[in-house]
Amino acid sequence: MTRRGEQLRETLQAHGLRYSRPREVILTFFGERDRHVSAEELHLELKNRGENLSLSTVYLNLGVLKQAGRVREFSGVGGEAFYGSNVGPHHHLICTRCGTVVDLPEVLVSGMPLAELLKRQAEALLAWQVGEPDIGIKGLCPTCQNAEP
């Protein structure tokens, strides 16, 4: 096994997961660079790379990796599920025209992360028990702003 494969095996075990080839392939894909893809886009990309994974295997493993905190799921412009490798605190800018997604670093309000502030407000004002807020800001990316309608 390569050193990279050994590192992935250790990472999976540290998160309570068994090693499997599909998990290695998916984590390697996300480890190449920060990106946002749907399960279908990931399946197609892996297929183009010669990987023989079914779409259901991709969905299953994305769910497991999400639960383990190795990928993050969020909603795109049309409500479809997208997955990203950046699992740290951040929000998303989503272009309503072309669907481009960009990570927006955590915003602080009086020294407190915006997501934490919103969570505390919802819990205090409405007595809800809130998980991690997922903030997606929709608008037009620079390319779409400069394109003709």
Side-chain angles (χ1 to χ4, degrees), residues 4 7-47 51 53-149:
R4 172 78 178 140
Q7 289 174 328
L8 282 171
R9 185 181 298 269
E10 291 169 9
T11 297
L12 288 167
Q13 288 176 345
H15 287 86
L17 299 176
R18 284 182 11 266
Y19 168 85
S20 70
R21 176 78 179 136
R23 290 176 189 163
E24 178 184 358
V25 169
I26 291 169
L27 286 176
T28 298
F29 174 83
F30 281 115
E32 293 169 358
R33 64 182 166 85
D34 188 28
R35 56 179 98 204
H36 306 97
V37 294
S38 68
E40 292 84 1
E41 290 169 334
L42 175 58
H43 176 254
L44 182 59
E45 178 64 32
L46 295 177
K47 185 176 180 179
E51 297 295 340
L53 302 178
S54 68
L55 181 57
S56 63
T57 297
V58 170
Y59 268 109
L60 173 73
N61 283 283
L62 283 171
V64 168
L65 293 170
K66 176 186 135 189
Q67 289 296 328
R70 299 300 302 149
V71 297
R72 185 172 180 177
E73 181 181 5
F74 63 95
S75 295
V77 70
E80 67 276 27
F82 279 86
Y83 299 86
S85 56
N86 181 353
V87 294
H90 70 282
H91 308 295
H92 294 106
L93 296 171
I94 305 166
C95 182
T96 56
R97 186 174 294 164
C98 70
T100 295
V101 179
V102 176
D103 288 343
L104 174 65
E106 179 67 81
V107 175
L108 299 178
V109 178
S110 300
M112 181 183 291
L114 176 61
E116 181 64 23
L117 178 66
L118 291 172
K119 178 182 183 320
R120 288 184 183 184
Q121 286 287 327
E123 290 175 345
L125 296 174
L126 304 170
W128 278 59
Q129 189 174 38
V130 178
E132 180 184 346
D134 181 22
I135 301 170
I137 303 169
K138 296 177 182 167
L140 291 176
C141 70
T143 301
C144 289
Q145 289 175 47
N146 295 322
E148 292 192 27

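Every heavy atom of this structure was used, including side-chain atoms; hydrogens, water molecules and symmetry mates were not. Everything numeric here is computed off the predicted structure, so don't read it as measured data.
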Peer 1: Listed by chain and number, what are the side-chain contact (heavy atoms from CB on, under 4.5 Å) partners of Glu73, not counting sequence neighbours?
Peer 2: Lys66, Ala81, Tyr83

Peer 1: What's the separation between atom CG in Leu53 and atom CG in Leu60, rounded to the nearest 0.5 Å?
Peer 2: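 One finds 11.0 Å between CG of Leu53 and CG of Leu60.
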
Peer 1: So does Glu32 have more than 12 non-hydrogen atoms from other groups sitting under 6.0 Å from CD?
Peer 2: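 Enclosed.
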
Peer 1: How long is the straight-line distance from CG of Leu62 back to NE2 of His43, given to the nearest 0.5 Å?
Peer 2: 11.5 Å

Peer 1: Do Asp103 and His36 get their side chains close enough for a donor-acceptor pair, meaning under 3.5 Å?
Peer 2: yes

Peer 1: Is there a side-chain contact between Arg18 and Leu12, using heavy atoms and a 4.5 Å cut-off?
Peer 2: no

Peer 1: Do you know which two heavy atoms are closest between Val77 and Thr96, and how far apart they sit?
Peer 2: CG2-CA, 3.5 Å

Peer 1: Are Ile135 and Ile137 side-chain neighbours, meaning at least one heavy-atom pair lies under 4.5 Å?
Peer 2: yes

Peer 1: In the structure I gave you, are the side-chain heavy atoms of Pro89 and Pro113 within less than 4.5 Å of one another anywhere?
Peer 2: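 In short, these two side chains do not touch, never coming nearer than 4.5 Å.
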
Peer 1: Check the pair Glu41, Phe82 against side chain to side chain contact (heavy atoms under 4.5 Å, CB included), reporting the backbone distance first and the verdict last.
Peer 2: CA-CA 9 Å; Glu41 290 169 334; Phe82 279 86; 3.6 Å; yes

Peer 1: Locate the shortest heavy-atom distance separating Pro133 from Lys119; write the atom from each residue and the value.
Peer 2: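 For Pro133 versus Lys119, the nearest heavy atoms are CG-CB, 4.0 Å.
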
Peer 1: Is it true that the side chains of Tyr59 and Glu40 contain a donor and an acceptor less than 3.5 Å apart?
Peer 2: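 Per modelled atom types, Tyr59 and Glu40 side chains form a pair under 3.5 Å.
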
Peer 1: Check step by step if side chain to side chain contact (heavy atoms under 4.5 Å, CB included) holds for Phe29 and Val37.
Peer 2: CA-CA 11 Å; Phe29 174 83; Val37 294; 4.0 Å; yes

Peer 1: Can you give me the closest heavy-atom contact between Asp134 and Ser75, atom names plus distance?
Peer 2: OD2-N, 4.3 Å

Peer 1: Rounded to the nearest 0.5 Å, how far apart are CG of Leu17 and OG1 of Thr11?
Peer 2: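 One gets 10.5 Å once the value is rounded to the nearest 0.5 Å.
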
Peer 1: Quick one, Glu45 with Arg35, criterion salt bridge (Lys or Arg N to Asp or Glu O under 4.0 Å). Give me CA distance, side-chain angles, the key distance, then yes/no.
Peer 2: CA-CA 12 Å; Glu45 178 64 32; Arg35 56 179 98 204; 5.5 Å; no

Peer 1: Between CG of Leu27 and CG of Leu65, what distance do you get to the nearest 0.5 Å?
Peer 2: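 That separation rounds to 5.0 Å.
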
Peer 1: To the nearest 0.5 Å, how far apart are NE2 in His90 and CZ in Phe74?
Peer 2: 7.0 Å

Peer 1: Might you point out which heavy atoms bring Ser85 and Asp34 nearest each other, and give the distance in Å?
Peer 2: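 So the minimum-distance heavy-atom pair works out to OG-OD1, 3.2 Å.
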
Peer 1: How long is the span from the CG atom in Leu55 to the CG atom in Leu46, to the nearest 0.5 Å?
Peer 2: 10.5 Å

Peer 1: Looking at every non-hydrogen atom in both residues, tell me the closest pair between Leu140 and Cys144 and how far apart they are.
Peer 2: CD2-CB, 4.3 Å

Peer 1: Where is the tightest heavy-atom contact between Asn61 and Pro22, given as atom of each residue plus distance?
Peer 2: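 Minimum heavy-atom contact is ND2-CB, 3.6 Å.
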
Peer 1: Could you go step by step and tell me if Glu24 and Arg21 meet the salt bridge (Lys or Arg N to Asp or Glu O under 4.0 Å) rule?
Peer 2: CA-CA 5 Å; Glu24 178 184 358; Arg21 176 78 179 136; 3.6 Å; yes

